Every structure is written in structure tokens, then in C-alpha cells.
Amino acid sequence: MRLRAAHARRVAVAAQGFHEPRPAGAVTRAHLRRLISRIQVLQLDSVSVSVRAHYAPVFSRLGPYDRELVDRAAWSHSARSPRLLVEYWAHEAALMAVDDWPLLRWRMREYRHGRWGTEIVKRNAKLAEDIVAAVAELGAVTAGQIEAHLESGPRGPKGPWWDRSDTKWVAEALWSSGVLTTATRVGFARHYDLTERVLPAEVVDRQVDEAHAVRELTLRAATALGIATEADLRDYFRLTARQVKPAIAALLADGELEAVEVDGWAAPAYLRAGQPVPRRDRGTALLCPFDPLIFFRPRVERVFDFHYRIEIYTPAHKRQFGYYVWPFLLDGQLVGRVDLKADRVADTLHVVGAFAESDHQPARIAEPLAAELRAMAGWLGLSDVTVGERGDLRHDLAKALLR
């Protein structure tokens, strides 16, 4: 089977849920559950210049909603409202469905000494035992509270790893190994607890062998992407070629994937079985830098002909577009980008810079972009949208916001 590049783009956008109308009423837990079953992950990131990354994909697909909906789903539990999401290295650090946590046990075994700083963890086996005992006694606690409880004393000399104490390193390793998990967050600070006190017993007890887990993760990635190369499938859950190649072969044999060629794509592609090819372009939304539609930059360039890099760590005078830039999806195509800042003091969502792609007219982009920015400002509790002095789209956008 052969697809035109435009058809592949439509499949990719539709698979992420952008082709469906946003809910007419309040966004509910059922909406969130259905969205997670589609896109699988909400990536976590500490930057909050506009809004934290894990909230944004829900807004982009479902429109304005109460962010407490995600907070309750991820960081609270009750008999009436069981925990829906759990944190783990599902892409990078991300929220994923609680029921899928056992699919990453093989990664927890790989990270038994943590993802980074493994030498620190290996030489602190006794500290690991003490931390587990402290958490068992205290309940959900931060690394600082654990350290205070253990009377660890002052931190050692500063090192290259963000000046973390050994306690923080070991607690993070225990989190990566699945011994601890995130019970809640307060001000985005992680509170650790024993995994068996946070997740349901049937989830904690479920054992899934690596081959089956990787097959399921590859299938989930294919569902979220709609159409994908092997590299795309690997990236979604950070899998290796060694893992994914046999999983793809098994899914092809089982009829879950279909091998296709896409005009202009150098690598073979795989279409999720049953994934329709939309007849027209649909989907309009602002996308945060860590949105699942765009977090794998080589795919963004291949699917959308859109070169995108995050410039947070680029010196200000060398940035091309800005500090925290949101691509703008209009009718299924990436047509522009805006550098956004939520200015709480001024009570405004400030567009630091607004830029149109070279083959798209600013006048066509401005009105729908203004509508999305107004919706975002209202969602964030801000009363106005203002436009700065950067970008070829700024004048048309400013005029559209005045209408």
C-alpha cells in the first residue's frame, strides 16, 4: 500500500484525537480516560512559564477544563474516584495509565540502581534500606523530609548533577526501580510512597515478561501515532531497535500493523490496522513543546515539513523564535508558532513573538490563532492576551485580538 504524504499527515493528526470536536460541556474523567487510552502519555516538565506540560495536551484536544481533573487522576485516590494515572519513565518522565504500569517492569529492573548517578546509588545500599524504612514509617514524603528524618546532616560538596544530596539520588533510584512511586505532588514537589500503598494490588502483583510488554507498548505507540516508522515507534516509549524489530514483525503477522510506503519518507512505515485515512485536513490547536504529536522532532519535520527545536537552553541572543514556543496546528497543518508567557502580575497571556511559516499567509492564521489564545488565557484565569514586538505574524495577530 502506498500513501501520499498529505494522507499520512491526516492519519497522524487524527490518531492523536485532533479530528474530533471538543466536548460541548464540562470535560469529565471519562473524557480524560478516553484521551489517555489514545495518546498514552502526558509528559512532565518543570518549566511553567505558561503552563506545565502535562496539562497542555488535554487542553489542546478537549479545550478549557479544570486542571484539578488531571491532579485528581494522577495524585489522589478514593473509593469513588480511583487513581487513573501514575508517574514513570513512559516517554521521559510522564503520566501514564495505572493499568499499564506493569508493562514497564523490565525497565524498572534495568533501573534498579537508577537512571543516572548509578555509582552514587551502588555505594549507598544501606541508605536505600533506610529510605524505604523511613517512607514506610512516615507515608508520602519529599526527599528533603526523608533526609531530615534520617538526620543526614549537611550536603556534601556541589557536583555536576544539580547539587542533589545522596538521599535525593537514592530516592530517585528507588522510584525508577519501582520500589517507590509518586503518591502526590505539592507545588510540583514529588512526594514518595511505597508503590504497594499507592497502586492497586492487582497492578503491583501483575507480572508481564519483556517480550509481551514490548509488543503491547509498540502497539500502543502505533495506535497513538496512526502511521509511523520504526524510529517513531521506538521513540514513543523510548524502546530500542533490539526490542522493537521483533515486536513489529509479530504485530504485522497478527494483522495489527500494515506495512506501507509514504511518498517522501525514506524509511518504511507502518499503519495501525483499522486506522482510517481522513478525506480532509482537520484539527486546530496550540501545541506545547512536549505534546505527543510533536515531541519526536525528526517525525515533526518528516510529517509536517516543520523544523522545530526547543530553545530554552539556547542563549537569549541566539534564539530564533523564543524561550517556550508553541507550534500552531491549523486545519491539520503546522502553520506558525508563538512564544508564550503567562504574566500573572499583568493578568495577561503575553505573546512574546508570533511567527508564520513561510508558505502560509499571516492574515489567514491570525483569526483562528487569536481564538485559541483567548481560550487559553481564559483557561489559565488570565483576562487578556497581549502581543509583543517579535515575528512576522504579530501585526495581524494584534489586529485579530482587537476584533
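Everything numeric in this text was worked out from a predicted model, so none of it was measured. Values reported hereafter were calculated over all heavy atoms of this structure, with side chains retained and with hydrogens, waters and symmetry mates removed.
More than 12 heavy atoms of other residues, nucleotides or ligands shown are found within 6.0 angstrom of NZ on Lys122. More than 12 non-hydrogen atoms from other residues, nucleotides or ligands lie less than 6.0 angstrom from CZ of Arg238.
Judged by distance alone, the side chain of His31 and the main-chain N or O of Thr28 form a donor-acceptor pair under 3.5 Å. Using a distance-only test at 3.5 Å, with no hydrogens or angles considered, no donor-acceptor pair links the side chain of Arg302 to the main chain of Gly264. Checked by atom type and distance alone, the side chain of Thr142 never pairs as donor or acceptor with a backbone atom of His191 at under 3.5 Å. Asp339 places a side-chain N or O within donor-acceptor distance of the main-chain N or O of Tyr323, the cut-off being under 3.5 Å.
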Steps toward ring-ring contact (aromatic ring centres under 6.0 Å, His included) verdict (Trp175, Tyr88): CA-CA 8 Å; Trp175 182 87; Tyr88 193 62; 5.6 Å; yes

side-chain hydrogen bond (donor to acceptor under 3.5 Å, both in side chains), that's the test. Do Thr182 and Trp75 meet it? Break it down for me. CA-CA 8 Å; Thr182 308; Trp75 298 305; 5.3 Å; no

Stepwise, does the side-chain contact (heavy atoms from CB on, under 4.5 Å) test hold for Asp99 with Val203? CA-CA 6 Å; Asp99 287 345; Val203 170; 3.9 Å; yes

Test Tyr55 against Asp71 for side-chain hydrogen bond (donor to acceptor under 3.5 Å, both in side chains), laying out the working first. CA-CA 9 Å; Tyr55 296 119; Asp71 292 344; 2.6 Å; yes

Between Asp343 and Leu349, is a side-chain contact (heavy atoms from CB on, under 4.5 Å) present by the stated rule, with each step listed? CA-CA 6 Å; Asp343 188 337; Leu349 178 62; over 6 Å; no

Take Phe355 and Gln320 through the test side-chain contact (heavy atoms from CB on, under 4.5 Å) and record every step on the way to the result. CA-CA 10 Å; Phe355 308 84; Gln320 183 179 4; over 6 Å; no

Worked check of side-chain contact (heavy atoms from CB on, under 4.5 Å) between Arg337 and Tyr308: CA-CA 10 Å; Arg337 57 193 95 197; Tyr308 181 53; 3.9 Å; yes

In sequence, state the C-alpha distance, the side-chain angles, and the governing distance for Arg61 and Glu20, and then conclude on salt bridge (Lys or Arg N to Asp or Glu O under 4.0 Å). CA-CA 8 Å; Arg61 290 155 180 80; Glu20 295 184 352; over 6 Å; no

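Looking at Gln40 and Phe237, their side chains come closer than 4.5 Å, going by heavy atoms from C-beta outward. Side-chain contact between Val351 and Arg394 is absent, with no heavy atoms from C-beta onward closer than 4.5 Å. Side-chain contact between Glu258 and Leu252 is absent, with no heavy atoms from C-beta onward closer than 4.5 Å. The shortest side-chain heavy-atom distance between Ile36 and Leu42 falls under the 4.5 Å cut-off. A 4.5 Å side-chain heavy-atom check between Leu199 and Arg83 finds at least one atom pair inside the cut-off. Taking the side chain as every heavy atom from C-beta outward, Val70 and Tyr65 approach each other to under 4.5 Å. Side chains of Leu3 and Asp263 form no contact here, defined as non-hydrogen atoms less than 4.5 Å apart. A 4.5 Å side-chain heavy-atom check between Val86 and Thr195 finds every atom pair outside the cut-off.
By the 6.0 Å and 45° rule, Arg107 does not stack over the aromatic ring of Trp89.
Salt-bridge annotation for Glu301 and Arg297: absent, with no side-chain N of the basic residue lying under 4.0 Å from a carboxylate O of the acidic one. Under the 4.0 Å criterion applied to side-chain N and carboxylate O atoms, Glu367 and Arg403 are assigned as salt-bridge partners. Salt bridge annotation for Glu216-Arg220: present, with a cationic side-chain nitrogen under 4.0 angstrom from a carboxylate oxygen. Look at Arg206 and Asp100 and you find no salt bridge, because none of the NZ, NE, NH1 or NH2 atoms lies under 4.0 Å from a carboxylate O. A salt bridge does not link Glu147 to Lys168: none of the charged nitrogens lies less than 4.0 Å from a carboxylate oxygen. A salt bridge links Arg215 with Asp254: the closest approach of a Lys/Arg side-chain nitrogen to an acidic carboxylate oxygen falls below 4.0 angstrom. A salt bridge is absent between Asp396 and Arg364: the closest approach of a Lys/Arg side-chain nitrogen to an acidic carboxylate oxygen does not fall below 4.0 angstrom.
Checked by atom type, the side-chain pair Thr223/Arg272 shows a donor-acceptor distance below 3.5 Å. No hydrogens or angles considered: a donor-acceptor pair under 3.5 Å links the side chains of Asp347 and Ser383. With no hydrogens or angles considered, a side-chain donor-acceptor pair links Glu172 and Tyr192 at under 3.5 Å. Side-chain contact, Gln16 with Arg38: no donor N or O sits under 3.5 Å from an acceptor N or O. Residues His350 and Thr386 bring a donor and an acceptor atom of their side chains to less than 3.5 Å of each other. Using a 3.5 Å distance cut-off with no hydrogens or angles, the side chains of Ser81 and Arg29 do pair a donor with an acceptor.
Under the side-chain contact (heavy atoms from CB on, under 4.5 Å) criterion, Phe188 pairs with Leu44, Ser46, Arg52, His54, Arg185, not counting sequence neighbours.
Applying the side-chain hydrogen bond (donor to acceptor under 3.5 Å, both in side chains) definition to pairs two or more places apart or across chains, those involving residues 273-287 are Arg9-Asp281, Arg10-Asp281.
Considering CG of Asp392 and CD of Gln361, their distance stands at 10.0 Å, rounded to 0.5 Å. Between the CD atom of Glu119 and the CG atom of Asn124 there is a distance of 11.0 Å, given to the nearest 0.5 Å. To the nearest 0.5 Å, atom OG of residue Ser50 and atom NZ of residue Lys341 are 11.0 Å apart. A distance of 5.5 Å separates CG in Asp232 from CZ in Phe296, rounded to the nearest 0.5 Å. One finds the OG1 atom of Thr167 at 9.5 Å from the CG atom of Asp130 (value rounded to the nearest 0.5 Å). To the nearest 0.5 angstrom, Asp193 atom CG is 10.5 Å from Thr184 atom OG1.
Closest non-hydrogen pair, Ala222 versus Leu257, comes out as CB-CD2, 3.5 Å. The nearest pair of heavy atoms linking Val300 to Leu334 is CG1-CD1, 3.9 Å. Between Pro23 and Leu62, the closest heavy-atom pair is CD-O, 3.4 Å. The shortest heavy-atom contact between Asp384 and Thr348 is O-OG1, 3.1 Å. Between Ala241 and Pro246, the shortest heavy-atom contact is O-CD, 4.3 Å. Across all their heavy atoms, Tyr111 and Ser177 have their closest contact at O-CB, 3.6 Å.
Classified by interplanar angle (parallel below 30°, tilted 30° to 60°, perpendicular above 60°), the ring pair Trp326/Tyr324 is perpendicular. Note on ring orientation: taking the six-membered ring where Trp is involved, the planes of Phe295 and His91 are parallel (angle under 30°, cut-offs 30° and 60°).
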